[in-house]
Protein chains: 2
Amino acid sequence: MNVSTALRILKKEGYKYTEKREDLVTLFAKEKRYLSARDVLNHMQKNYPGMSVDTIYRNLTLFADLDILEETEWNGEKRYRLSCSTKSHHHHLICLDCGKTLHIETCPMEGIPVGDTEFEVTGHKFEVYGRCGECQAQ
Amino acid sequence: MNVSTALRILKKEGYKYTEKREDLVTLFAKEKRYLSARDVLNHMQKNYPGMSVDTIYRNLTLFADLDILEETEWNGEKRYRLSCSTKSHHHHLICLDCGKTLHIETCPMEGIPVGDTEFEVTGHKFEVYGRCGECQAQ
DNA sequence: ATGTAAATCGTAATGATTCTTATAGATGGT
DNA sequence: ACCATCTATAAGAATCATTACGATTTACAT
């Protein structure tokens, strides 16, 4: 996923192009890590001092719905990062200090026999948590 | 995990026995599924009409710290269920409607090569989500 | 039985997120 | 380029889950 792909998806789905939306996607494209709504607000308010929290949340939710952003949650806050790829299903090793990620290519759902239960399976979550090298060195 | 084990852990760690704490653990022992703080409050206030939300949250957190309860989160609410066992590491298939669970015995961490990264791994989460048979039938 | 620290209550405070209403701005057609 | 329409945004209020606080009650060791 990159900025132009993201904006193309926006247009295709009938949403309007705004400079704030482009900057929002650009921020995620630069950072390539999980950011909280507050992180995003702090970054965005440098260029747009009066930017509303509502705009942040509304666009984060929209982008997650459009699969432009991936969403997760820790320490009571939702976090978002740019979708790594539209192609291959994968999981993450996540630094809980800075939100940096590494890919985990294997998916635990392959080989789990959940089809023979009365459950209708709708999703799954596999995440490994830790601290990256930089954050260990403070 | 059962009620007497839970109360033994409480005592061993120097916490006081109260009727509310016994009833709280008993509730989880009966339900054997994930409950939100609000679920617990509703159940408990039948017997203790004036019970404070603070008491609920304080004890849920305490019990989770003592590994009497397992904690997770979905739809913006923390959820707790009685720890299945003190012995074997496992994961869950969870009904997002009622909190009912099935065990998943295999752990995806076996076979994931995370030791050769600069990350210090501190934890992981693997959960499968769905709807149980009863909830599908409403 | 008594003293003390912990547990609880009632309520206020907090923090993240969502909602509301009025205004501003993007897009498509002229 | 201009206009109409409909979406996006700002500002602030509202909501929801959770935590904090001061006062009171209770468990339990002595």
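All chains are named by letter (A, B, ...) in the order of the sequence lines, taking the proteins before the strands, and each is independently numbered beginning at 1. These values consider heavy atoms only, across backbone and side chains, with no hydrogens, waters or symmetry-generated copies. What you are looking at is a predicted structure, and each value in this text was computed from that prediction instead of being measured.
Taking the side chain to side chain contact (heavy atoms under 4.5 Å, CB included) definition, one finds that E13(B) meets it with I9(B), Y15(B), L66(B), sequence neighbours left out. Under the salt bridge (Lys or Arg N to Asp or Glu O under 4.0 Å) criterion, D97(B) pairs with R131(B), not counting sequence neighbours. With sequence neighbours left out, the side chain to side chain donor-acceptor pair (under 3.5 Å) criterion links T26(B) to no other residue. With sequence neighbours excluded, the residues that form a salt bridge (Lys or Arg N to Asp or Glu O under 4.0 Å) with E77(A) are R79(A).
As a whole-Å value, the separation of N75(B) CG from dT18(D) C1' is 17 Å. Counting to the nearest Å, the C1' atom of dA17(D) and the CG atom of D39(B) are 13 Å from each other. The nearest whole Å value for the distance from the CD atom in E71(B) to the C1' atom in dA17(D) is 13 Å. Separating the CG atom of L7(A) from the P atom of dA8(D) is a distance of 14 Å, rounded to the nearest angstrom. Between the OH atom of Y17(A) and the P atom of dG28(C) there is a distance of 14 Å, rounded to whole Å. Rounded to whole Å, the distance from CD on E22(A) to P on dA8(D) is 16 Å.
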>> Return a single string for nucleotides 7-19 of chain C, one symbol per nucleotide in 5' to 3' order, where B is base contact, S is sugar-phosphate-only contact and - is none, cutoff 4.0 angstrom on heavy atoms.
In response: SBBBB----SBBB
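Using modelled atom types and a 3.5 Å distance limit, the side chains of R33(B) and T101(B) yield no donor-acceptor pair. Looking at Y48(A) and D23(A), their side chains do bring a donor and an acceptor atom within 3.5 Å of each other.
Residue Q45(B) qualifies as enclosed at atom CD: its count of foreign heavy atoms under 6.0 Å is above 12.
Contacts between residues 23-30 of chain A and DNA chain C, counted as heavy-atom distances below 4.0 Å, involve no residue at all.
Between H124(A) and H91(B), the distance from one ring center to the other does not fall under 6.0 angstrom.
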